Amino acid sequence: MATVGMGVYVHWPYCPSKCAYCDFNAYLLPRREDAFSSYTAALVAEIRQAQRDGELTSPLTTAAFGGGTPTLFPAGDLLRVLAELRGVGLQAGAEVTVEANPGDLSATALRDLAQAGVSRLSIGAQTFSDRLLGAIGRLHTAEDVVQAVQAAKAAGLARLNLDLMYGLPEQTEADVEEALNRSIALDVGHISAYALELEPATVFGRRARQGKLALPSEAAVVAMGDRIEARLTEAGYRRYEFSNYARPGQESQHNQAVWQRGRYRGFGAGAHSFLGERRFWNLASPELYARRLAEGQSVVAGEEDVSELAMGEWVYLSLRTLVIDRERFRQDFGRAWSDVFPAATAWALDEGWLLEAGPCLLVPPGRRWLLNQVAAPFLEEGRRRPGTLTPSAETG
Amino acid sequence: MHPLSRIRNFSIVAHIDHGKSTLADRLIELTGAVESRRMVAQVLDTMDIERERGITIKAQTARLPFVAADGETYTLNLIDTPGHVDFSYEVSRALAACEGVLLVVDAVQGLEAQTLAHFYAAMEAGLVVIPVINKIDLPHADLPRVQADLEQLGFLAEEVLAVSAKDGRGVRELLQALVDRVPPPQGDPQAPLRALVFDSHYDPYRGVIAHLRLVDGSVRVGQTIRLMAKGGEYSCDQLGVFTPLAVPVERLEMGEVGFLSAGIRSVAEVPVGDTVTLAERPAAVPLAGYRPAVPMVFAGLYPAEPAQYDVLKDALEKLRLNDAALSFEPETSTALGFGFRAGFLGLLHLEVVQERLEREYGVDLVTTAPHVVYQVQLTDGQELSIDNPSHFPRPETIREVREPMVEATVFAPSEAVGAVMELAQERRGSFVTLEYPTPGRAKLVYRLPLGEIMYDFFDQLKSRSRGYASLDYRLADVAVSDMVKVDVLLNGEAVDALSFVCHRSEAERRGRGLCQELRRLIPRQLFEVPIQAAAASRILARETIPAMRKDVLAKCYGGDISRKRKLLEKQREGKRRMRRVGRVEVPQEAFMAILKAERS
Ligand SMILES: Nc1nc2c(ncn2[C@@H]2O[C@H](COP(=O)(O)OP(=O)(O)O)[C@@H](O)[C@H]2O)c(=O)[nH]1
Ligand code: SF4
Ligand SMILES: [Mg+2]
């Protein structure tokens with residue numbers, strides 16, 4: 001692995017309301033008083049369990065607190081978990097990111113986080129149109145985003161990300177333009193721009209099935225995405241993943257490690273872990289999760305042995321960064337790229353899906369919207385065990 | 001062994017779902033032919049598909065011992081009949097093996113088209129008909145009405161029996177009525193053997209088991225038998241009766257019902273309706289009514305994976321051992337590769353074969369839209385029989401096309417007559433008669449092209465009569481019709497497996513419907529795909545599948561790599577199962593799309 005360390009992720013599964021597009025493992029805050037404290041206790045217990053089971057062998061180089069809404073928890077809970085992570089090897093200078101929703105960040109809480117070593121704040125802005133914010137079920141306004149950024153900066157959190165969304169129902173190009181301008185004006189180092197994906201088990205998914213969702217056309221979504229890339233590039237951000245843009249040095253190390261197929265251990269309800277050969281995930285229900293841990297039991301809900309998939313998955317993830325480094329592949333697997341993916345590579349180069357640039361293969365701009373089409377043949381060819389099958393000519 | 005006077009051979013006939021199979025179960029149970037702890041509901045329907053769909057496809061038989069009122073034990077031979085119009089010839093042969101029938105009528109539904117069809121068939125065959133009202137346990141049972149309807153058919157009030165096949169009420173009386181009313185078999189026990197084959201099935205160990213009704217003479221194990229239709233001779237190695245479990249016997253005599261095996265390798269050698277006689281003392285004249293099975297509906301059967309061709313071939317051959325009505329020949333399609341053109345008795349038969357191929361033989365199938373056979377006379381006088389639309393000749397070479405016609409009998413409430421006539425008219429039907437055999441129920445006869453009623457006619461009939469109409473049809477003759485072939489072009493290339501033949505007046509509507517359905521079914525490709533329907537090189541309809549612009553995951557959320565990756569792999573797998581036609585990936589359902597287009 002290029003990065004020898006390992007990341008940790010901590011999931012905070014509650015939100016003040018459920019957004020219309022969201023199928024994350026997030027629940028409305030239960031009325032029970034002790035929901036926070038028992039969940040936090042469970043997180044601590046799971047971290048100790050992982051430590052005891054030898055799952056945290058390497059230095060922990062990044063940590064990400066996601067959700068749900070981590071900042072809905074009392075700052076003390078976050079700090080307690082952070083302290084626990086320090087105890088099991090989270091390094092002093094490690095990147096520690098916390099996701100936050102605008103509107104629920106107090107100046108004191110922010111200061112406490114910064115002091116405890118939180119180095120990055122990722123703020124869910126989504127859009128700067130209050131009309132759209134209401135329509136997608138967000139509780140904050142555009143103004144809250146501005147204030148959140150200012151408060152974070154004041155608290156000494158220098159590395160900031162804004163999450164934006166495009167392709168929302170009734171969103172116009174002008175809405176996107178405004179979000180870009182205002183985000184850039186806020187001078188954050190990192191911007192993520194996600195196209196809306198319709199998930200069946202969401203309010204939007206249901207409305208779409210009923211034919212009651214006015215989504216922009218696919219061509220319009222593509223145009224928005226292209227505009228985002230152009231505008232952010234012009235403003236000095238580099239697109240270092242399909243949906244992520246950063247100024248030099250502001251990239252999320254945690255996410256980069258994931259795309260490089262680095263190992264991570266996820267704590268919390270529904271959290272996913274990847275320990276090299278094996279991916280596994282926890283029980284989704286926060287209450288069941290907490291109860292099991294209180295009883296000292298395992299909370300693993302499912303697992304997948306991905307050793308056979310490793311090489312294909314590596315490409316699948318690399319493709320997200322729009323660059324495949326064949327030299328890194330050789331280092332990671334001890335095998336030559338050309339031996340593992342002869343057919344898919346020939347196909348991709350022939351048909352213009354990839355361009356050769358020294359040891360690297362690049363996804364040309366015209367093909368980025370079809371990354372799944374590029375990935376599929378590599379996933380398939382990479383799945384084959386060495387020597388079991390000769391790959392046949394790929395016909396995408 | 002069994003004095004002739006104590007044998008009764010009978011069938012149960014009924015409109016579908018009126019309770020034929022359930023009643024058969026009760027009869028078997030009540031006579032103790034099968035111990036009740038071994039009773040599986042609907043003992044006689046043995047194929048999985050029959051039980052699941054509740055349709056009897058193969059006729060079965062059971063010998064029921066019954067102690068009648070006179071204290072004597074009678075042998076009641078129940079000959080179950082197939083319950084679907086596709087198999088009406090098989091029904092007629094089963095009836096020919098009997099002296100009587102139980103005409104079962106649902107106490108709620110009353111008379112239906114097939115009730116009447118069966119009734120007339122039984123009368124024609126000269127059988128004693130015992131009218132039975134079933135399901136009298138149902139709260140909505142309307143005995144007086146059904147009774148009155150039956151009287152309209154000429155039955156006396158006191159002739160009508162009322163039973164519940166479900167709880168067994170009236171069933172003992174029914175058995176007694178069989179003894180009292182159905183005559184014992186009449187025939188000549190000394191004459192040369194003549195046995196009617198009313199069914200047969202293939203047994204992997206013994207070869208074909210022919211189901212027989214002995215009309216004259218007798219047969220013993222070891223004798224050489226001759227099959228009169230095809231002339232084959234075989235040594236009889238086993239005889240037996242069905243209880244309904246197979247029990248071997250040494251000989252079968254005039255009037256009895258049983259089975260014979262003689263090392264016969266395929267059911268096609270012993271077609272239903274054939275006569276078995278003895279080689280050393282053959283009968284001079286076979287029994288009347290033999291007719292070879294004529295497939296009426298054809299479809300292309302292709303393996304989803306070209307490598308499975310041999311598996312499909314093998315499976316079809318095995319199925320044919322047991323299904324004399326199934327025919328098939330190899331064919332090649334530019335779109336689908338190597339496969340078979342197969343002939344069926346009707347759509348249900350096709351579905352049953354399809355299901356068996358997939359379920360019992362594990363073949364993944366692509367089936368093209370079913371079609372009837374057209375007789376085409378060319379301008380040069382040549383006569384062609386077209387069972388594959390893509391072979392339909394060019395219009396300028398055609399002098400005349402004839403299509404198969406059926407005589408369809410629809411039985412419907414009188415208020416639905418208008419709707420039924422409208423439907424028949426839409427389907428190019430010509431009116432034959434309208435009668436009211438019982439008050440409030442109309443019997444409509446139409447002459448209709450088989451090609452028009454094959455797909456959704458029955459569904460339409462049901463929906464337009466709010467579920468009350470019923471249908472029966474039989475092949476009548478052929479009619480000269482103005483038929484055209486419609487081709488479908490995908491991305492500018494004609495796809496042979498999508499061609500269809502229809503009446504000129506319908507070509508545009510159907511062509512458009514098919515294009516729309518294809519647009520729905522074919523996933524977007526990386527380029528725009530035009531879909532066109534054309535007849536005689538004129539474009540009738542056009543649709544466009546826009547190019548795929550976007551296929552990318554926005555976010556790997558929370559490190560959950562597996563879920564979206566699996567989705568992608570599933571898509572990929574779906575794509576692998578598609579057929580590539582030119583540059584276009586076409587899912588398998590698309591080849592049946594014409595059926596759906598018809599229905600919408
Ligand atoms: N209530 C009631 N239901 C019956 C009776 N006879 C049959 N059925 C039901 O009617 C349906 C059709 O019966 P089945 O014997 O399969 O009819 P077939 O299609 O004529 O063989 C089944 O659901 C049976 O359970 C009866 O006497 N009473
Ligand atoms: S805040 Fe985030 S996790 Fe919570 S409901 Fe909205 S999108 Fe989902
Ligand atoms: Mg039945």
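Since the structure is predicted, the reported quantities are computational estimates derived from the model, not experimental observations. Throughout, protein chains are lettered first and strands after them, A, B, ... in sequence-line order, and every chain is numbered starting at 1. Heavy atoms only: backbone and side chains are in, while hydrogens, waters and symmetry mates are out.
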| message | I'd like to check the side chain to side chain donor-acceptor pair (under 3.5 Å) partners of A:Asn372; sequence neighbours left out, ordered by chain and number. | response | B:Asp551
| Check: B:Phe328 ring centre within less than 6.0 Å of B:Phe298 ring centre | no
| query | Excluding sequence neighbours, so at least two apart, what forms side chain to side chain donor-acceptor pair (under 3.5 Å) with A:Thr202? | reply | none
| When A:Leu317, A:Val258, A:Val222 are compared by non-hydrogen pairs under 4.5 Å with chain B, the top option | A:Val222
| B:Leu568, part contacting chain A, at a heavy-atom distance under 4.5 Å | side chain
| field | Heavy-atom proximity to chain B below 4.5 Å, by part of A:Leu309 | value | side chain
| query | Between A:Trp369 and A:Phe242, is the ring centre distance below 6.0 Å? | reply | yes
| request: Show your reasoning for whether ring pair (Phe, Tyr, Trp, His ring centres under 6.0 Å) applies to A:Tyr264 and A:Tyr9. | output: CA-CA 7 Å; A:Tyr264 50 85; A:Tyr9 171 78; 8.2 Å; no
| Residue part contacting chain B, namely of A:Arg320, when any heavy atom lies under 4.5 Å | side chain
| task | Could you look at A:Ala193 and say if it's the side chain, the backbone, both or neither that has a heavy atom under 4.5 Å from chain B? | result | neither
| task | Kindly indicate, with the supporting measurements, whether the criterion side-chain contact (heavy atoms from CB on, under 4.5 Å) is fulfilled by B:Ile561 and A:Arg279. | result | CA-CA 9 Å; B:Ile561 310 300; A:Arg279 294 190 182 280; 3.3 Å; yes
| query | Which bit of A:Val221 is near chain B, if near means a heavy-atom gap under 4.5 Å: side chain, backbone, both or neither? | reply | side chain
| task | Please look at B:Arg583 and chain A and tell me whether the side chain, the backbone, both or neither of the residue comes under 4.5 angstrom of a heavy atom of that chain. | result | neither
